[in-house]
Amino acid sequence: MSHTSIDTQRHSAAHLLATAVLQLHPEAKLGVGPAVDNGFYYDFETAEPLTDAHLKDIEKRMKKLIGRDVIFEHRELSLDEARAIFPQNTQPYKAELLDDLAAEGETVVGIYTSGDFTDLCKGPHVRSSKEINPDALKLMRVAGAYWKSDETRPQLTRVYGVLFATKEELDAHLHMLEEAKKRDHRKLGKELDLFTFSDLVGAGLPLFTPKGTLLRDLIVEKIHGLQKKYGYQKVTIPHITKRDLYQTSGHWEKFGDELFKVKGQSDQEFVMKPMNCPHHTQIFAGHKRSYRELPLRLMETTTVYRDEQAGELLGLSRVRAISQDDGHVFCTTEQVAAEVSGIIDVIRAFYTSLGMFEEGKYWVSVSVRDPKTPEKYLGDATRWDDAEHILEDIARKEHLPYTRVEGEAAFYGPKIDFMFKDAIGREWQLATAQLDFVMPERFALRYTDASGEEQTPVMIHRAIAGSLERFLSVIIEHFAGAFPLWLAPTQVVIIPVSEKFADYAESVRAQLEAADLRVTVNNQSDTLGKRIRTAQKEKIPYMLIVGEKEIADSTVSVRSRDDGDAGVYTVTSFIATIQDRAQ
RNA sequence: GCCAUCCUAGCUCAGUUGGUAGAGCGGCACAUUCGUAACGUGCAGGUCAUCGGUUCAAUCCCGAUGGAUGGCUCCA
């Protein structure tokens with residue numbers, strides 16, 4: 001009977017994992033092995049690389065150990081005693097941890113022994129391995145991981161396992177992973193024909209099909225509609241620029257490696273734009289500005305290009321050509337709070353329309369400086385303090401579920417980021433509002449205030465969907481491809497029972513199109529059942545079946561993607577029923 | 001970029017312990033004209049990711065490159 005917490009069991013399982021690996025690789029050098037969400041891991045450096053093929057054997061050995069009633073015993077040792085157990089030559093990582101502890105002023109360290117395995121460890125642990133349920137344990141995969149998460153240090157092999165209290169919980173977890181796989185946007189993007197990749201075009205460069213492009217346009221139009229009353233104006237900028245722009249903005253120094261370089265006929269070197277803000281500042285700088293023009297709100301949906309590390313790319317979630325619904329507000333310090341509130345209004349309205357703005361489905365990061373590394377941020381400290389306070393105040397007033405996260409600020413200012421989860425719980429930043437006191441200064445932006453003095457405006461960067469690619473990946477998974485009516489690429493498919501009713505189908509199509517609905521007719525010679533199945537797999541919200549019965553009184557038989565048979569409607573009453581949800 | 005695994009038809013996947021390959025779905029043709037999740041028959045479609053090496057012979061073994069996946073690092 002176990003009275004220890006599942007986290008304790010997971011941590012102990014990590015020790016058993018190390019024990020099992022040492023049986024196979026007595027020379028293995030050990031890193032660390034903590035409990036994590038749903039399980040545990042341990043990092044190893046072995047002479048022969050550990051691979052997935054070894055997992056079965058290791059898992060079997062772990063289960064054997066569990067059955068053997070291994071007792072976990074705790075001891076406190078002096079540093080020197082511990083160093084004798086973890087000598088530099090055979091266990092350099094443990095030895096380094098001991099050095100770290102010594103540097104922190106520790107004089108005694110905790111040691112746990114379980115069977116013939118001894119580890120440097122604070123605990124706590126189970127008393128006996130029997131407290132762990134072997135049927136609820138599974139090793140999942142191996143992965144590389146840098147020692148101390150530092151890419152300049154050696155890379156160890158990390159073995160991940162999951163552990164629960166019961167086999168039922170393990171099965172439920174594995175089932176959840178299966179379900180998540182089914183709604184993976186990479187799979188659905190292919191099945192629903194939304195986007196594709198080409199080896200000839202390159203990694204991280206998605207190609208959007210007509211349906212995928214429709215989705216993008218619908219999203220962008222929705223955002224435009226919601227923010228109409230906030231006074232944004234569309235602008236257009238070229239996709240390349242001289243490097244001078246980023247040398248002035250400060251981006252060159254920080255992100256030079258990730259810029260795509262472009263050369264023309266002259267020696268002049270251009271770069272693909274990795275962001276739009278510097279360009280937008282030059283629109284502000286285009287002529288003398290008065291305080292009467294502020295806030296000046298510019299926006300544009302446009303693509304930026306970033307040479308992301310190859311290993312970082314992931315479907316649409318992380319790409320090299322990133323389409324942003326990017327906006328920049330130039331305003332006075334006094335206007336900042338109202339402007340940010342307005343942005344949050346739009347974010348709230350937009351995500352509410354998708355059912356994603358619900359408690360527990362998102363959280364908000366008030367991203368501020370890391371006080372330990374002030375050199376990473378540009379601009380003077382007082383302005384930073386003010387800006388961070390403004391954002392936190394707004395988050396509080398707007399009742400957002402926010403957390404202050406140190407070290408997440410951009411180098412030019414603090415920000416509010418809206419974080420949403422995908423199908424398997426990975427979090428993605430979508431909407432954002434970022435304050436910037438630095439860039440206006442660097443570009444020497446000025447406006448004339450009411451008393452005729454020149455002043456520097458504040459700049460606010462904002463995105464509602466963020467990266468359209470990332471946004472699409474999240475909503476494809478959120479809806480498992482079954483988009484709400486207004487977002488469905490095809491909203492209605494008309495299925496005539498047989499070819500004899502094709503003319504009627506066409507007349508129904510014309511009526512629906514006149515009502516601005518996106519409609520297709522499926523006239524293929526497949527059976528009715530087959531065409532319904534096809535529509536269902538394409539996740540088209542409504543199927544209208546028309547045949548002899550319907551022609552007689554100008555009706556359609558409605559089948560809903562989500563609820564099945566929905567009854568008979570006249571064409572006009574069907575349109576009236578769905579029209580509100582269709583736009 | 002790093003570690004590991006992987007790449008066979010448009011898609012999902014079999015297969016060959018080295019003798020140049022198959023299925024289902026999809027596509028096309030014919031047939032069918034059907035009442036709420038798969039009618040039937042036939043055909044087309046692959047230098048087995050690319051390039052190089054070993055070999056009498058490579059889709060299979062080795063290497064490089066490209067791409068994908070799971071992590072790590074990074075993310076304006």
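Naming: A, B, ... by sequence-line order, numbering from 1 per chain.
- Both A/Y160 and A/P274 sit near RNA chain B, but only A/Y160 has its closest nucleotide nearer the 5' end.
- Nucleic acid contact for A/L314: sugar-phosphate only, since backbone atoms but no base atoms lie under 4.0 Å from a heavy atom of the residue.
- As rounded to the nearest Å, B/U69 and B/A76 have C1' atoms that lie 27 Å from one another.
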Contact string for nucleotides 31-39 of chain B, one letter per nucleotide 5' to 3', B = base within protein heavy-atom range under 4.0 Å, S = sugar-phosphate only, - = neither, reads BBBBBBBBS
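- Taking the C1' atom of each, B/A21 and B/U8 are spaced 8 Å apart, rounded to whole Å.
- With hydrogens and angles ignored, no donor-acceptor pair under 3.5 angstrom links the side chain of A/R158 to the base of B/C72.
- Within 4.0 Å of A/A143, counting heavy atoms only, lies at least one base atom of the nucleic acid.
- Nearest approach of A/Y569 to A/G567, heavy atoms of both residues: CD1-O, 3.8 Å.
- Side-chain contact check for A/S557 and A/E550: at least one donor-acceptor pair (N or O, by modelled atom type) lies under 3.5 Å.
- Where A/G311 and A/A203 each meet RNA chain B at their nearest nucleotide, the meeting point lying more 5' is that of A/G311.
- Residue contacts shown for A/R306 include a base, since a base heavy atom lies under 4.0 Å away.
- B/C74 and B/A38 are spaced 47 Å apart, taking the C1' atom of each and rounding to whole Å.
- Across the C1' atoms, B/G63 and B/C56 are found 22 Å apart, a figure rounded to whole Å.
- Of all heavy-atom pairs spanning A/G33 and A/Y42, the tightest one is CA-CD1, 3.4 Å.
- The minimum heavy-atom distance linking A/H173 with A/N38 is given by the pair CE1-ND2, 3.4 Å.
- Per the stacking criterion (ring centres < 5.5 Å, plane angle < 30°), A/F197 does not stack onto the base of B/G67.
- Ring geometry for A/Y412 against A/H251 counts as perpendicular: the plane angle is over 60°, on a 0 to 90° scale with 30° as the lower cut.
- Put simply, the side chain of A/F471 does not reach to within 4.5 Å of the side chain of A/I464, judged on heavy atoms.
- Counting atom types as modelled, A/R153 pairs no side-chain N or O with a base atom of B/C72 as donor and acceptor under 3.5 Å.
- Between the CZ atom of A/R470 and the C1' atom of B/C75 there is a distance of 8 Å, rounded to whole Å.
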Enumerate the protein-to-nucleotides 11-16 of chain B contacts in which both atoms are nitrogen or oxygen and the separation is below 3.5 Å.
{"residue": "B/U12", "atom": "OP1", "partner": "A/K190", "partner atom": "NZ", "Å": "3.4"}

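- In this structure, A/F420 and A/Y362 have parallel ring planes: the angle between them is below the 30° cut-off, well short of the 60° mark.
- Rounded to whole Å, atom P of B/A68 lies 12 Å from atom CZ of A/F195.
- As judged by a 4.0 angstrom heavy-atom cut-off over every strand, A/G567 is placed among residues making no nucleic acid contact.
- Comparing the P positions of B/C51 and B/A58 gives a spacing of 14 Å, expressed to the nearest Å.
- A salt bridge is defined here as a Lys NZ or Arg NE, NH1 or NH2 lying under 4.0 Å from an Asp or Glu carboxylate O, and A/D150 with A/K148 fails to meet this definition.
- If you measure from atom CG of A/N38 to atom P of B/G71, you get 12 Å, rounded to the nearest angstrom.
- When the options A/H185, A/K182, A/R183 are evaluated for a side chain to side chain donor-acceptor pair (under 3.5 Å) with A/E477, the one that passes is A/H185.
- Straight-line distance from the CZ atom of A/F255 to the C1' atom of B/C75: 8 Å, rounded to whole Å.
- Between the CD atom of A/Q155 and the P atom of B/G1 there is a distance of 14 Å, rounded to whole Å.
- The separation between A/D199 atom CG and B/C51 atom P is 14 Å, rounded to whole Å.
- B/G71 and B/G19 are spaced 41 Å apart, taking the C1' atom of each and rounding to whole Å.
- Comparing B/G10 with B/C48, their P atoms sit 12 Å apart, to the nearest whole Å.
- Classification of A/R297 and A/E339 as a salt-bridged pair holds, one side-chain N sitting under 4.0 Å from a carboxylate O.
- The closest side-chain donor-acceptor pair between A/E300 and A/H280 falls under 3.5 angstrom.
- Residue-to-nucleotide contacts include a donor-acceptor pair under 3.5 Å from the side chain of A/Y146 to the base of B/G1.
- Under the 3.5 Å distance criterion, with hydrogens and angles disregarded, no donor-acceptor pair is assigned to the side chains of A/D325 and A/T301.
- Nearest to the side chain of A/R318, among B/G1, B/C74, B/A76, sits B/C74.
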Given Watson-Crick and G-U pairs under 3.5 Å, RNA chain B in dot-bracket ([ ] crossing, | other strand) is (((((((..((((.....[..)))).((((.........)))).....(((((..]....))))))))))))....
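- With P as the reference atom, B/A29 and B/A44 are 15 Å apart, rounded to whole Å.
- Between A/R320 atom CZ and B/G1 atom P the separation is 7 Å, expressed in whole Å.
- Salt bridge annotation for A/R320-A/D307: present, with a cationic side-chain nitrogen under 4.0 angstrom from a carboxylate oxygen.
- In terms of polar N and O atoms assigned as donor or acceptor, the side chain of A/E258 comes within less than 3.5 Å of the base of B/A76 in a complementary pairing.
- Between A/E59 and A/K56, no side-chain nitrogen of the basic residue sits less than 4.0 Å from a carboxylate oxygen of the acidic one, so the salt-bridge criterion is not met.
- The nearest whole Å value for the distance from the CZ atom in A/R141 to the C1' atom in B/C3 is 14 Å.
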